[in-house]
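Take a look at the structure set out below.
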Amino acid sequence: MSRVLLLAATTGYQIRAFGEAAERLGIDLVYATDRCHVLDDPWQDEAVPVRFHDEEASAEAILEASRTTPIDGVLAVGDRPTVIAAHVLQGLGLPGHPPTAAAAARNKLLTRERLRDCGLPVPGFLAVPLSPTLADVQSLAASVTFPAVVKPLALSASRGVMRVNDPAELTAALYRLRSLLQSPDIRGERTDASDMALIEDFVEGREFAVEGLMEHGRLRVLALFDKPDPLDGPFFEETIYVTPSSAADEIQKGIAAAVADAAEALGLFHGPVHAECRVSPPAGLGSPEVFVLEVAARPIGGLCARALRFSGEDAERVGAGDPSARPHVSLEELLIRHALGQSTSAWAREEQASGVMMIPIPRRGTYRGVSGLDAARAVAHIEDVRLTAKTDQLLVPLPEGASYLGFIFARAATAAEAERALRTAHGRLEFAITPEVRVLQSLHG
Ligand code: ADP
């Protein structure tokens, strides 16, 4: 039986989806997460403990264990374990993303430098230490073109990313980012990129996401998502993704070519990739240029993967009414096949349009519950509404937060219908959020 090692930063839905896909394919899935973050033993039988911050030692431990329990493929879920996965694949002599490429993809400064050095479009950027005095920031502001974007080097999901329009906002954003990076949960991750900020020119334009597979150095686009909500700041909360894209063919080709170039510039070679890009300037204001903001060496995160389904191998049997034929396979199934060196070219994204809304956290406070769930689920084309926030949980919006209230999924004949359904369903949800109760400790207590 083939065995795939899954390195995951979080537990939850996507792990279960990989588990189901593995069962269907009849392969053995060994699952590994960071020992520091999970108290109960996450390892199943053959696995070895890893510490995500200690990448080489973790990779060595896995390679050591693989001598007695062979591994045939490796997948990383989430940004943190991508470099460990790359080391393991290299050690096993299997095709993958080289460790240096995975490391560059995970670091926003290295990504900018690689893309710039390869002559690809990048916004102007400047890396600064996050220990400024106010005077430092004032002199720094002279070399910044406003509007600009302040961001950390190594967080994800737009955490810590802030638009700044003038020197005063720049100062505030740098201090805000510094305290975010000093928070215990981020310090606990022990990345070496937490004492710097990146300041970039703000790129005006529409935003897109690309889900793809690198196949021995060539990019195969699995899906191109439109992000129809304007992402103009001050924070950059993801909301709606819909596919297929409504962009003109030329633009879609330009995006695919730009992501392929960026992946090559980073050295990404074999495995899943997820890219974000902006096409600038906005429609009609000159010839468009694609700025690739990032190419992550991993698939789309968490529940969002459910927006993708692929049809292909069984299509004829499905057409002939064969009940044992499967109309669709999941992204996770495709990724496992790819990790095992099998071809995935027989599958393409289904014909239906699909969309997902990551339900934003509107304000900081304690989550008390939601009403309108049945009404939201009853909207035509809505497939599911999944709330991931837990009752009584403290909700923290961006830029400090790192979560959503939940996810809404839609499938329809067109992306516009799917998008409308997502907005209607969201409009029917009402979230009860009460102000956070802060317990003040008595000085004498
Ligand atoms: P993360 O890896 O945390 O998602 P990104 O660098 O991709 O961080 O930025 C998150 C979001 O912030 C992007 O999807 C985009 O909407 C916005 N953004 C980031 N950099 C820029 C920029 N230079 N110009 C305009 N928007 C930006």
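Both counts, for ligands and for their atoms, begin at 1 and track the order of listing.
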TODO: Identify, for atom 3 (O) of ligand 1, the protein heavy atom at the shortest distance, and state residue, atom and that distance.
DONE: S158 N, 2.8 Å
Open item on the list: So if I count the atoms of ligand 1 from 1 in the order they appear, which ones are less than 4.0 Å from some heavy atom of F202?
Closed with: 24 (N), 25 (C), 26 (N)
- [ ] Any chance you could lay out the salt bridge (charged side-chain N to carboxylate O under 4.0 Å, His left out) test for E400 and R159, step after step, and finish with the verdict?
- [x] CA-CA 6 Å; E400 284 81 13; R159 207 170 177 201; over 6 Å; no
Open item on the list: Please give me the minimum heavy-atom distance between C304 and F407, naming the atom from each residue.
Closed with: SG-CE2, 3.9 Å
Open item on the list: For atom 26 (N) of ligand 1, tell me which residue out of R278, R159, E237, M162 has the closest non-hydrogen atom.
Closed with: R278
- [ ] Taking only heavy atoms of E200 into account, list the atoms of ligand 1 that are under 4.0 Å away from them.
- [x] 20 (N), 21 (C), 22 (C), 23 (N)
Open item on the list: My understanding is that only one of L29, I336, L5, L7 makes a side-chain contact (heavy atoms from CB on, under 4.5 Å) with L75; could you say which?
Closed with: I336
Task: Where ligand 1 meets K151 - atom numbers and elements under 4.0 angstrom, heavy-atom basis - done: 5 (P), 6 (O), 19 (C), 20 (N)
TODO: Supply the atom-to-atom distance H97 NE2 to H87 NE2, rounded to the nearest 0.5 angstrom.
DONE: 14.0 Å
Task: D79 near ligand 1 by a heavy-atom separation under 4.0 Å - done: no
Task: V144 vs L170 side-chain heavy atoms within contact, under 4.5 Å - done: yes
Task: Which of the ligand 1 atoms, numbered from 1, are nearer than 4.0 Å to a heavy atom of D201 - done: 22 (C), 23 (N), 24 (N)
Open item on the list: Please confirm whether the ring centroid of H216 lies under 6.0 Å from the ring centroid of F269.
Closed with: yes
